[in-house]
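Bear in mind the structure is a predicted one, so any value in this text is a computation, not a measurement. Order of appearance sets the numbers: ligands from 1, and atoms from 1 within every ligand. Because only heavy atoms are used, hydrogens play no part in the values below, and waters and symmetry mates are left out as well, while side chains stay in.
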Amino acid sequence: MRISLRFILPLGIALAAIAYAVVPLVDRLTLQWFVRDLDTRSESIASAVQEPLAELVTRAGAKQKVQRYFDRLVQDQRIFALGYCDSRGVLVHSTYAFPKAVRCSGGGAPPARNRVVELAHGPIHVSAVPLSFEGEALGELVIVHDMSFVQRRSEDTKKYIFYLFAAIAAVVALITVVIAEVSWRGWVAGLKRVISGEALLGSRGGLKVTAELRPIARDLQALVRDLEAERRTRDEGQTSWGPEALRRILREDLKGDEVLIVSNREPYLHMRRKDNVIEIQRPASGLVTALEPVMRACSGTWIAHGAGSADRDTVDKHDHVMVPPERPAYRIRRVWLSKEEEQGYYFGFANEGLWPLCHIAHARPVFRAEDWAHYQAVNRRFADVVVDEARTEDPIVLVQDYHFALLPRLVHARLPNATVIAFWHIPWPNPEAFGILPWREEVLDGLLGSSILGFHTQFHCNNFFDTVDRFLEARVDRETFTISYGGDPTEVRRYPISIEWPPAALAAQPPVEACRRNVRERFGLPAEARIGIGVDRLDYTKGILERFMAIERLLELEPHWIGRFVFVQAAAPSRSSIDEYQNLEAKVRVLAQRINHRFGRPGYEPIALRLEHHDAARVYELYRAADFCCVSSLHDGMNLVAKEFVAARDDEQGVLILSQFTGAARELAEALIINPYDLEQSAAAMHLALGMPVEEQRVRMRSMRNLVQEFNVYRWAGRMLMDASRMRHRRRVVSRARSARLLSARQ
Ligand code: ADQ
């Protein structure tokens with residue numbers, strides 16, 4: 001519309017000017033030229049015929065000769081007509097076509113030598129040339145030229161002139177439109193570049209903003225960032241987060257892009273039992289709980305270490321197996337590790353090195369060079385598998401946890417267009433704590449190969465910024481949460497993990513009273529005993545020993561709970577081949593025994609310790625049976641048990657006691673927040689929980705349930721995917737601009 005107006009308007013004006021000014025002017029000029037030509041021609045004819053004609057007209061009886069002479073002249077010279085007027089002004093001789101309207105001048109009037117006379121059939125040119133013979137004036141020769149050819153030519157000329165000028169006007173209008181359009185687009189594109197920040201890429205991006213535009217560009221960028229953030233928050237807030245929302249993001253924002261997950265642990269293991277039957281296990285892992293719904297929603301590929309005893313027997317020839325078994329929706333690609341590799345990479349560097357390094361739980365990290373070598377080799381192996389599994393050149397690769405700190409850089413090197421999102425599920429320590437790692441630069445460099453690096457809390461993000469600032473020559477921008485280290489920048493963001501809502505395991509649960517009955521029966525608890533629970537992997541970071549000591553303190557301080565209160569601890573054995581974990585198991589057993597011995601009596605033990613993995617239904621039954629749940633981690637990334645407990649309590653009863661050193665404590669403010677090292681405080685919290693009025697429990701629980709419902713795991717994954725989509729969109733725009741620039745530079 002804008003273009004057609006720009007074209008038609010100037011063209012219309014030009015055509016009108018041609019029609020009303022140019023054409024008449026050209027017409028007049030050509031007429032004048034022709035008349036002048038005819039004047040000259042008439043004069044030269046007159047001077048040529050002067051003498052013979054004078055002789056003839058003065059000779060008596062030569063009338064016929066004059067007539068013939070005139071006829072010949074008319075023919076030879078292509079004259080319309082000729083006439084001779086005598087000195088009295090009488091037409092004496094004339095050719096046949098001599099127009100009547102043309103009169104001799106005579107009568108003493110000075111002759112109008114040349115004139116144009118309009119006749120009915122068109123204009124004629126008339127020249128009257130005086131004749132003399134031997135000094136004596138005779139009469140005048142009248143030469144008539146037909147000017148209709150002038151009119152014809154003039155018509156043609158007008159036509160050509162009109163077409164010529166119209167064509168010129170059209171070309172000029174077209175050029176104007178093109179120039180206007182190009183400069184408009186250039187201006188708009190420039191503004192867009194300024195807004196998007198692309199124009200500030202500088203020498204690397206190749207585009208620059210002049211110095212005077214820089215402040216405007218900065219303001220515009222800040223504005224756009226704010227708007228983007230606001231829109232993100234609004235979109236996020238307005239979305240009802242569930243598997244469908246994730247599917248929509250994958251479909252609409254990511255246009256069905258390929259998604260690969262890499263984690264050490266697989267979501268399903270195939271185990272061969274003693275009776276040779278293969279059974280399927282789901283590991284007790286927060287990570288699996290969080291990512292399974294994403295995979296179900298996008299039907300991607302999950303790459304993981306094949307650790308089950310029957311894993312090799314259940315894959316196809318490409319090491320793939322479809323899961324979940326009851327309703328296959330995505331595939332696992334299993335990676336095989338030797339015993340030495342598993343020992344060095346998993347138990348060694350990851351769990352004896354990085355795990356205690358990142359958790360301030362006072363367990364000393366162990367760093368062995370051979371473990372590090374295995375860790376590097378296994379990371380390289382997984383990078384090979386990612387490249388092997390990728391069906392597109394720009395997949396989204398979700399790298400999970402501290403087992404793969406080097407993987408983002410390795411994947412980025414092989415698939416530079418991939419969007420690598422690394423999520424660090426455990427805390428990130430301060431630079432002093434991290435600084436003892438002998439390969440700290442390598443680990444940081446590996447992680448900075450990610451496009452997005454996620455932590456549970458802003459505190460962990462800040463620790464990471466400080467660490468990079470301390471040990472690498474990198475540009476850390478805390479305003480945009482970005483780190484630039486050599487290659488592409490890495491966005492470091494907070495993505496608090498959560499659980500699915502409503503939890504699948506809740507659907508088949510009986511009412512709370514029935515759960516309580518079942519639990520009492522299963523654990524042999526006294527009929528009226530109040531129940532506290534702990535659900536953890538058996539890990540020294542979870543503060544199980546501190547929890548038991550707090551129970552001991554409770555029973556010391558409030559002995560009326562003896563016999564009326566039982567604490568059920570479900571602890572799934574974990575990393576049992578590591579000394580630290582074996583020691584912990586022994587310590588936990590001994591401490592539970594000691595407390596039970598001290599406060600127990602026939603038919604009653606205050607701590608019911610179950611060192612085993614429980615299936616999800618059993619875990620949820622425990623949550624529902626409890627008066628309180630105690631999460632006393634010494635340090636924890638998030639802690640999903642806290643959120644699961646809240647989700648399990650649709651009766652809005654039960655109290656959550658939560659360590660201040662968990663990520664969850666930043667969100668679940670209505671829990672009783674404790675310092676697990678402070679046994680008095682923890683014991684007081686337990687006492688408070690057991691006596692908390694029903695109404696207060698309801699208010700606290702309702703508020704926490706709202707939060708977990710709203711900020712569920714779909715939102716966690718959705719936010720990462722939305723950020724990935726935004727980033728991919730930006731990169732595409734920048735790369736399009738770069739190719740356009742290269743193209744124009746080449747032309
Ligand atoms: P974990 O250290 O494994 O996760 P957590 O977040 O509490 O800790 O998740 C444990 C999961 O295992 C829960 O789903 C729980 O139900 C299950 N579980 C625990 N004990 C069990 C038992 N005895 N039997 C069966 N199931 C059991 C790491 C980080 C956390 C972070 C998660 C997710 O250490 O801080 O929250 O990843 O990012």
key: Enumerated ligand 1 atoms positioned under 4.0 Å from heavy atoms of Asp636   = 29 (C), 30 (C), 34 (O), 35 (O)
Nitrogen or oxygen of His359 less than 3.5 angstrom from that of ligand 1 = no
inquiry  = I'd like to check which ligand 1 atoms, numbered from 1 as shown, lie under 4.0 Å from a non-hydrogen atom of Val535.
reply    = 19 (C), 20 (N), 21 (C)
Arg547 charged N/C atom sitting above Phe567 aromatic ring, 6.0 Å / 45° = no
ask   = Would you say ligand 1 has an N or O under 3.5 Å from any N or O of Val619?
value = no
task = State whether the side chain of Ser309 and the backbone N or O of Arg272 hold a donor-acceptor pair below 3.5 Å, judged by distance alone.
result = yes
ask   = So is Phe645 in contact with ligand 1, going by heavy-atom distances below 4.0 Å?
value = no
ask   = Glu352 and Tyr581: side-chain donor and acceptor closer than 3.5 Å?
value = no
ask   = Has ligand 1 got any nitrogen or oxygen that is less than 3.5 angstrom from a nitrogen or oxygen of Ile426?
value = no
ask   = Counting N and O atoms only, with roles assigned by atom type, does the side chain of Ser659 sit under 3.5 Å from a partner on the main chain of Pro676, one being a donor and the other an acceptor?
value = no
remark   = For Val641, the ligand 1 atoms with a heavy-atom partner under 4.0 Å come out as 7 (O), 15 (C)
ask   = So among Phe434, Trp372, Tyr375, which one has a ring-ring contact (aromatic ring centres under 6.0 Å, His included) with Trp439?
value = Trp372
ask   = Which atoms from ligand 1 have a heavy atom of Gly637 less than 4.0 Å away?
value = 35 (O)
query = Going by atom types alone, do Ser632 and Glu546 pair a side-chain donor with an acceptor below 3.5 Å?
reply = no
query = Would Thr314 and Arg334 count as having a side-chain donor-acceptor pair, cut-off 3.5 Å?
reply = yes
message = Show the atoms of ligand 1 that are less than 4.0 angstrom away from any heavy atom in Ala570.
response = 23 (N)
request  = Return the option from Met638, Lys542, Arg537 holding the heavy atom at the smallest distance from atom 8 (O) of ligand 1.
outcome  = Lys542
request  = Please verify whether a non-hydrogen atom of Trp716 lies at under 4.0 Å from ligand 1.
outcome  = no
request  = Evaluate the ring planes of Phe404 and Tyr345, with Trp represented by its six-membered ring, and classify them as parallel (under 30°), tilted (30 to 60°) or perpendicular (over 60°).
outcome  = tilted
query = Looking at ligand 1, does any of its N/O atoms fall within less than 3.5 Å of an N/O of Ala572?
reply = yes
task = Could you tell me which atoms of ligand 1, counted from 1 in the order shown, lie closer than 4.0 angstrom to a heavy atom of His456?
result = 31 (C), 38 (O)
task = Tell me, with the steps shown, if Asp615 and Arg618 meet salt bridge (charged side-chain N to carboxylate O under 4.0 Å, His left out).
result = CA-CA 5 Å; Asp615 63 31; Arg618 286 288 164 89; 5.2 Å; no
key: Per-residue contact class, Arg610 against ligand 1 - non-hydrogen pairs under 4.0 Å   = neither
query = Is a donor on one side and an acceptor on the other found under 3.5 Å between the side chain of Glu500 and the backbone of Tyr714?
reply = no
ask   = Where on Tyr623 is there a heavy atom closer than 4.0 Å to ligand 1, on the side chain, on the backbone, on both, or on neither?
value = side chain
query = Is any side-chain N of the basic residue among Arg589 and Glu585 closer than 4.0 Å to the acidic one's carboxylate O?
reply = yes
task = Could you give me the CA-CA distance, side-chain angles and deciding distance for Arg594 and Glu552, then say whether salt bridge (charged side-chain N to carboxylate O under 4.0 Å, His left out) is met?
result = CA-CA 10 Å; Arg594 190 174 63 70; Glu552 186 176 29; 2.7 Å; yes
request  = Could you tell me whether His614 and ligand 1 have an N or O pair separated by under 3.5 Å?
outcome  = yes
note = Within the 4.0 Å heavy-atom cut-off, what Glu612 brings close to ligand 1 is backbone
request  = With heavy atoms only and a cut-off of under 4.0 Å, state how Ile497 meets ligand 1: side chain, backbone, both or neither.
outcome  = side chain
query = Should Tyr620 and Cys515 count as side-chain neighbours, where that means a heavy-atom distance under 4.5 Å?
reply = no
task = For ligand 1, note which part of Ala616 has a heavy atom under 4.0 Å away: side chain, backbone, both or neither.
result = neither
task = Answer side chain, backbone, both or neither: which part of Asp536 comes under 4.0 Å from ligand 1, heavy atoms only.
result = backbone
remark   = Checking heavy atoms under 4.0 Å, the part of Trp355 that sits near ligand 1 is side chain
